[in-house]
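Here is the structure we will look at.
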2 protein chains.
Amino acid sequence: MQKNIQCIIHTMNKPEKEVTIYDIAKKLNISAATVSRGLQDRAGTNKDTKKRILDAAAEMGYHSNSFASKLRNKRSNIIGVIVPRLNSVFMSQVIAGIEKEVSNANFTLIISQSLENMKKEAGSAAAMYSNRVDGLLVSLAYDTKSIEHFENFIKRGTPVVFFDRVYEDKKHAAIYIDNYKAAYEVTTHLIEQGCKRIVHLTGNQMQNVYADRFKGYKQALTDHQIPFNEDMVIISGLSSADGAIAAEQILKMKPLPDGVFAANDQCVISCMQVLKKEGLKIPEDIAVAGFNNDPVSCIIEPNLTTINYKGYEMGQVAAKLLMELMYKKGAHSAENVVLNYELIIRESSLRNGKKS
Amino acid sequence: MQKNIQCIIHTMNKPEKEVTIYDIAKKLNISAATVSRGLQDRAGTNKDTKKRILDAAAEMGYHSNSFASKLRNKRSNIIGVIVPRLNSVFMSQVIAGIEKEVSNANFTLIISQSLENMKKEAGSAAAMYSNRVDGLLVSLAYDTKSIEHFENFIKRGTPVVFFDRVYEDKKHAAIYIDNYKAAYEVTTHLIEQGCKRIVHLTGNQMQNVYADRFKGYKQALTDHQIPFNEDMVIISGLSSADGAIAAEQILKMKPLPDGVFAANDQCVISCMQVLKKEGLKIPEDIAVAGFNNDPVSCIIEPNLTTINYKGYEMGQVAAKLLMELMYKKGAHSAENVVLNYELIIRESSLRNGKKS
DNA sequence: CTGTTAGCGCTTTCAG
DNA sequence: CTGAAAGCGCTAACAG
């Protein structure tokens with residue numbers, strides 16, 4: 001009696017017993033090895049047996065236990081992704097692109113966000129390592145200075161591909177756009193529109209993306225004989241709130257600047273809103289350009305001149321490169337891919353008719 | 001000589017041999033079981049031995065092989081997420097919220113998107129099952145009519161929580177907002193602003209979110225003695241492109257409608273842009289309201305009246321509920337959580353001064 | 001507190 | 001084409 005009750009409790013708390021290849025084997029009076037072979041696509045099994053195996057599996061509700069097979073095979077079929085934040089327009093595009101490619105190739109995707117914190121990034125990396133990912137895609141956190149937390153992977157022969165926020169040595173595979181050149185073009189465009197006092201809103205200079213955009217801005221000024229003025233560079237976190245603060249700073253500058261080039265759209269859009277509220281005319285009083293081509297950039301009035309740079313595509317390219325590296329593993333090459341971008345000129349910067 | 005070369009090739013192609021607890025055990029002259037215990041946080045190991053184990057592990061670059069431990073423990077510590085699309089503002093918020101909670105609790109997150117396709121959704125579910133997820137979070141695809149592809153999980157005692165796009169039987173745990181009530185409030189607000197001919201832009205009526213919003217709209221009309229007119233309901237995919245098309249249809253209606261209530265912001269924003277371009281004044285000629293509080297809703301001019309409904313929070317709540325269900329597993333309860341929303345009134349609908 | 005032992009479910013030689 | 005057997009790395013009784 002006592003025993004019976006225990007048994008019931010036992011049944012209640014434990015999930016139903018898993019169906020294994022042994023169960024199928026027993027039912028069909030064959031060996032587990034044959035079942036295993038039959039379940040795979042490879043040749044080397046009698047067609048008929050194979051069919052019987054497949055049918056029995058379906059009927060019994062068999063689902064391969066991926067842990068057992070991964071343990072055995074030493075391949076996880078998992079790709080890990082670590083990004084600074086998941087809730088940004090750009091990143092969600094990238095992730096969608098990655099998911100597309102990766103799931104087409106029948107890999108599983110595990111994702112985590114560093115929240116711009118190197119400690120958490122390292123923690124995620126360790127978790128990914130324990131999960132024995134076959135490859136890793138990383139966009140670095142705001143404050144990541146070294147990448148030693150990824151060295152394990154490289155030692156172990158697991159490829160790591162950085163994208164967008166990449167690490168600047170030439171030893172690791174990386175995907176990015178030419179931020180320097182893009183910023184140079186935007187700034188030149190503003191200059192051609194007659195701007196002479198151009199403010200630059202930028203972010204943490206430890207990061208390639210912001211540092212390169214800053215350099216492009218600076219060089220464009222120099223090449224057009226416009227003196228660079230450090231006071232016209234505003235470094236912040238580039239959030240919406242930072243944009244509003246930047247606007248206040250701009251309004252206090254004397255003489256008033258006649259152009260703004262920001263390293264992202266989100267920030268400059270709220271900056272524009274404040275400038276407009278304070279009575280400035282865009283682009284007549286002050287021309288504006290951003291970076292990223294966020295959806296908002298063609299909603300705000302006037303529409304924002306910006307750099308278009310396709311996140312979805314970047315995700316796809318990164319995933320493809322990673323998978324390529326996975327197949328020729330061991331050779332940890334440092335291929336870099338520079339993607340195209342596009343300068344989109346809209347009203348916010350157009351002071352001389354239509355051409356740039 | 002020959003042998004040597006082979007050896008080199010061998011070393012090149014294979015990843016370095018994994019460090020296992022046996023290696024640590026051998027080095028320390030203790031048993032693997034002790035190492036295993038030492039590595040865990042549990043009591044029952046000599047402090048000193050534990051320290052030696054930890055040190056050796058760090059020194060040797062040991063990383064627990066999660067597959068072996070998962071195979072043994074029959075717990076994966078993995079939570080699966082299936083959503084229609086990853087690249088939407090709302091979903092990326094939800095995912096960020098989920099990631100936050102889940103990673104706090106030391107779970108791994110695996111993510112896939114159904115691309116609004118039930119077949120792919122079922123495929124993802126099967127992959128999740130093979131990965132033996134401990135719990136599953138799902139927002140259903142556009143064309144998902146039945147949820148039998150999730151029955152395995154339930155049979156096996158793995159909790160499944162639906163969110164936002166939920167399944168309408170009361171047997172499964174679900175998180176959502178009261179779409180009916182929210183739509184009722186928006187519509188009532190438009191009526192109170194003097195609208196009498198209100199167009200409704202909506203999506204697939206198989207989905208709870210759109211069907212409920214439609215019902216709320218209809219009921220509000222009825223309760224205010226406004227006749228419901230089927231011709232004023234436009235069903236589409238609710239994309240930006242669909243919004244522009246809807247605008248064209250609206251412009252052809254006679255007499256011209258004086259209000260638009262859309263089941264999402266994205267769609268109604270491009271609709272507004274077309275209406276504005278055609279010379280209509282918002283809200284004077286036609287008042288507009290949306291749903292979701294996308295970032296664009298406070299950039300467009302006039303700012304858009306909408307329903308705010310926090311994706312990040314929904315993600316957190318869904319993850320927490322799931323984890324709760326995981327702990328009391330076996331009892332597959334069907335707890336439903338109805339989250340709050342907020343009607344945000346902005347200029348796009350304000351025709352009578354400030355109050356609603 | 002520590003060691004011995006068995007086994008999670010699967011794959012893969014190696015023989016037949 | 002199929003079966004027997006070993007083992008991937010880890011953990012949990014159980015016994016000491």
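All values derive from a computational prediction rather than experimental measurement. Lettering follows sequence order; numbering is per chain, from 1.
Taking a cutoff of 4.0 Å between a charged side-chain nitrogen and a carboxylate oxygen, B:Glu99 and A:Arg85 do not qualify as a salt bridge.
Axis angle between the ends of the helix from C:dC1-D:dG16 to C:dG16-D:dC1, five pairs each and rounded to 10 degrees, works out to 30°.
There is no side-chain donor-acceptor pair under 3.5 Å between A:Tyr142 and A:Asn117. A:Ser31 and A:Thr34 share a side-chain donor-acceptor pair at under 3.5 Å. Side chain to side chain, B:Asn131 and A:Ser66 meet the donor-acceptor criterion of an N or O pair below 3.5 Å.
No side-chain heavy atom of A:Arg132 sits less than 4.5 Å from a side-chain heavy atom of A:Lys74. Taking the side chain as every heavy atom from C-beta outward, A:Phe67 and B:Arg72 never approach each other to under 4.5 Å.
Rounded to whole Å, atom P of C:dC8 lies 11 Å from atom CG of A:Asp23. Distance, A:Leu28 CG to D:dT2 P: 11 Å, rounded to whole Å. Rounded to an integer number of Å, the gap from B:Ile24 CD1 to C:dG3 P is 14 Å. Atom CG in B:Asn29 sits roughly 17 Å away from atom C1' in C:dC1 (whole-Å rounding).
In this structure, A:Thr34 reaches the D:dG3 phosphate: one of its side-chain N or O atoms is under 4.0 Å from OP1 or OP2. For C:dT2, one of the phosphate oxygens OP1 or OP2 lies less than 4.0 angstrom from a side-chain nitrogen or oxygen of B:Thr49.
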Could you go over nucleotides 9-12 of chain D and give all protein N or O partners under 3.5 Å, atom names and distances?
| unit_1 | atom_1 | unit_2 | atom_2 | d |
| --- | --- | --- | --- | --- |
| D:dG9 | OP1 | A:Lys74 | NZ | 2.8 |
| D:dG9 | N2 | B:Ala68 | O | 3.2 |
| D:dC10 | OP1 | B:Tyr62 | OH | 2.4 |
| D:dC10 | OP1 | B:Asn65 | N | 3.3 |
| D:dC10 | OP2 | B:Ile21 | N | 2.7 |
| D:dC10 | N4 | B:Tyr22 | OH | 3.0 |
| D:dT11 | OP2 | B:Ser36 | OG | 2.7 |
| D:dT11 | O3' | B:Asn73 | OD1 | 3.4 |
| D:dT11 | O2 | B:Arg72 | NH1 | 2.2 |
| D:dA12 | O4' | B:Arg72 | NH2 | 3.4 |

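In this structure, the ring-ring contact (aromatic ring centres under 6.0 Å, His included) partners of B:Phe150, at least two apart in sequence or on a different chain, are B:Phe162.
The aromatic rings of A:His63 and B:Tyr129 lie tilted to each other, with the angle between the two planes from 30° to 60°.
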